Amino acid sequence: MKTLLHVQGLTKDYGNEKAVDQITFTLNKNTATALIGPNGAGKTTTLSILAGLLRQTSGTVVIDGDLKGDSRKEIGFLPQYPQFFSWLTALEFIEMVAKLSGLDGKFTKSQAVRTLDFVGLGDVKNKKTGTFSGGMKQRLGLAQAIVHKPGLLLLDEPVSALDPVGRREVLNLLKELQEHTTILYSTHILNDAEEMTDQLLFLRKGQLVEQGSLKEVRDKYANPLFKILFS
Ligand code: ATP
């Protein structure tokens, strides 16, 4: 399998506190990896560093040369609490993001329409984003993260605001996306990782306490993982 991203000794200090403490992992191309951990484990900090929004204190992030040109444009990022311009329609907003991501102007509208259809917002594409519910905003956030077809998709709790049906639908979308991109997404719910995930990274108090496939981790811990890892 081809490596897309290698993270080595990544650390982020806030004063005396280590939000992320010496974490090392690799993402292979066209895989989905879940970054699992309780509140405050360091998930958002890790994803923000990888997305280029936050500078690490130490450690390295090496993105494979396959991500050509400006590697940041090859990354899609869904923040935990995505923000939109409330006065724009969903279509206007996604088209704007597509333009800012460097997509050829001739294709931005059709690509925006396709993307909104894909995330299940086709019927409301002409509604102002300020009228959207939490779940719709999360789908819109996913649309803005994927509209430029990034090679690496970083998603901070992509399903946490969704009801069970929406959760399943978005997880299915991620499964489809995985054929074209590499996904790292955070969650604090192990069930979200069950079906679509190739690799689990367990963060706790900034440290990577376990990593491997679901099967590997299951075999290692016969007992429920949460008891062991999150107590
Ligand atoms: P959650 O599931 O609650 O979103 P998380 O796993 O995403 O949590 P982070 O938001 O990365 O965790 O936070 C990791 C640690 O870093 C926490 O202890 C948090 O208080 C601390 N932290 C995060 N941002 C800052 C900041 N700007 N200044 C100081 N401490 C911070």
Side-chain angles (χ1 to χ4, degrees), residues 5-27 31-61 63 72 75-84 133-142 144-146 150 152-164 166-168 170-171 174 182-194 196-212 214 217 221 224-231:
L5 177 87
H6 184 63
V7 170
Q8 179 78 43
L10 194 71
T11 298
K12 177 69 182 174
D13 296 336
Y14 287 113
N16 290 330
E17 188 182 350
K18 287 200 180 308
V20 175
D21 188 5
Q22 292 277 345
I23 67 172
T24 294
F25 65 89
T26 294
L27 299 185
T31 55
T33 297
L35 191 56
I36 302 190
N39 292 137
K43 304 181 297 295
T44 296
T45 306
T46 302
L47 291 172
S48 300
I49 293 169
L50 300 182
L53 302 174
L54 195 64
R55 189 179 286 271
Q56 67 265 43
T57 307
S58 58
T60 55
V61 176
I63 297 175
R72 295 296 169 206
I75 294 176
F77 181 51
L78 169 64
Q80 191 172 3
Y81 304 106
Q83 302 287 325
F84 314 103
S133 70
M136 288 159 86
K137 282 184 180 159
Q138 206 146 18
R139 286 167 191 265
L140 189 61
L142 182 60
Q144 63 82 32
I146 63 175
L152 174 62
L153 192 51
L154 305 170
L155 309 170
D156 199 356
E157 304 203 15
V159 294
S160 63
L162 301 174
D163 60 30
R167 197 177 203 96
R168 174 82 1 248
V170 169
L171 288 172
L174 296 186
T182 303
I183 302 174
L184 176 64
Y185 73 102
S186 72
T187 178
H188 47 262
I189 300 176
L190 185 61
N191 281 349
D192 289 345
E194 297 265 1
M196 60 162 281
T197 306
D198 300 293
Q199 183 184 212
L200 304 174
L201 303 172
F202 283 94
L203 272 185
R204 186 175 174 225
K205 296 181 182 164
Q207 294 185 338
L208 197 52
V209 292
E210 193 56 76
Q211 74 186 97
L214 191 60
V217 177
Y221 299 98
L225 288 167
F226 279 102
K227 273 194 189 157
I228 298 158
L229 292 168
F230 297 150
S231 57

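Worth knowing before you read on, the calculation uses all heavy atoms, side chains too, and leaves out hydrogens, waters and symmetry mates. Remember, it's 1-based here, ligands and their atoms both numbered in the order they're listed. Bear in mind that the values here come from a model prediction, so they are computed numbers and not experimental data.
Looking at Asn39, Ile49, Leu35, Asp13, it is Asn39 that brings a heavy atom closest to atom 3 (O) of ligand 1.
No side-chain donor from either of Thr45 and Tyr14 sits under 3.5 Å from a side-chain acceptor of the other. Residues Asp156 and Ser186 have side chains that bring a donor and an acceptor to within less than 3.5 angstrom of each other.
The nearest protein atom to atom 29 (C) of ligand 1, hydrogens excluded, is given as Tyr14 CG, 3.4 Å; this is a heavy-atom distance. Distance from atom 12 (O) of ligand 1 to its nearest protein heavy atom, with residue and atom name: Gly42 N, 3.2 Å. With respect to atom 16 (O) of ligand 1, the closest heavy atom belonging to the protein is Ala19 CB, 3.2 Å. Closest to atom 9 (P) of ligand 1 among all protein heavy atoms lies Thr45 OG1, 3.6 Å. Looking only at heavy atoms of the protein, atom 2 (O) of ligand 1 is closest to Lys43 NZ, 2.8 Å.
A donor-acceptor pair is defined here as one N or O able to donate and one able to accept, closer than 3.5 Å; such a pair exists between the side chain of Gln199 and the backbone of Thr26. Using modelled atom types, one side-chain atom of Lys12 and one backbone atom of Arg55 make a donor-acceptor pair closer than 3.5 Å. The backbone N or O of Phe77 sits less than 3.5 Å from a side-chain atom of Gln144, completing a donor-acceptor pair. A donor-acceptor contact shorter than 3.5 Å is absent between the side chain of Ser48 and the backbone of Leu53.
Close N/O approach between Gly40 and ligand 1 is found [any backbone or side-chain N/O within under 3.5 Å].
Near Thr44, meaning under 4.0 Å from one of its heavy atoms, ligand 1 places the atoms 4 (O), 5 (P), 7 (O), 10 (O), 11 (O). For ligand 1, the atoms sitting less than 4.0 Å from at least one non-hydrogen atom of Glu17 are 15 (C), 17 (C), 18 (O), numbered in the order shown with element in parentheses. Below 4.0 Å from some heavy atom of Gln80 lie the following atoms of ligand 1, by number and element: 4 (O). Annotation for ligand 1: atoms under 4.0 Å from non-hydrogen atoms of Ala41 are 5 (P), 6 (O), 12 (O).
Distance check: Tyr81 OH to Gln138 CD gives 10.0 Å after rounding to the nearest 0.5 Å.
Contacts with ligand 1 closer than 4.0 Å are made by backbone heavy atoms (N, CA, C, O) of Pro38 only, the side chain lying farther away.
Among all heavy-atom pairs drawn from Ala51 and Leu154, the shortest one is N-CD1, 3.6 Å.
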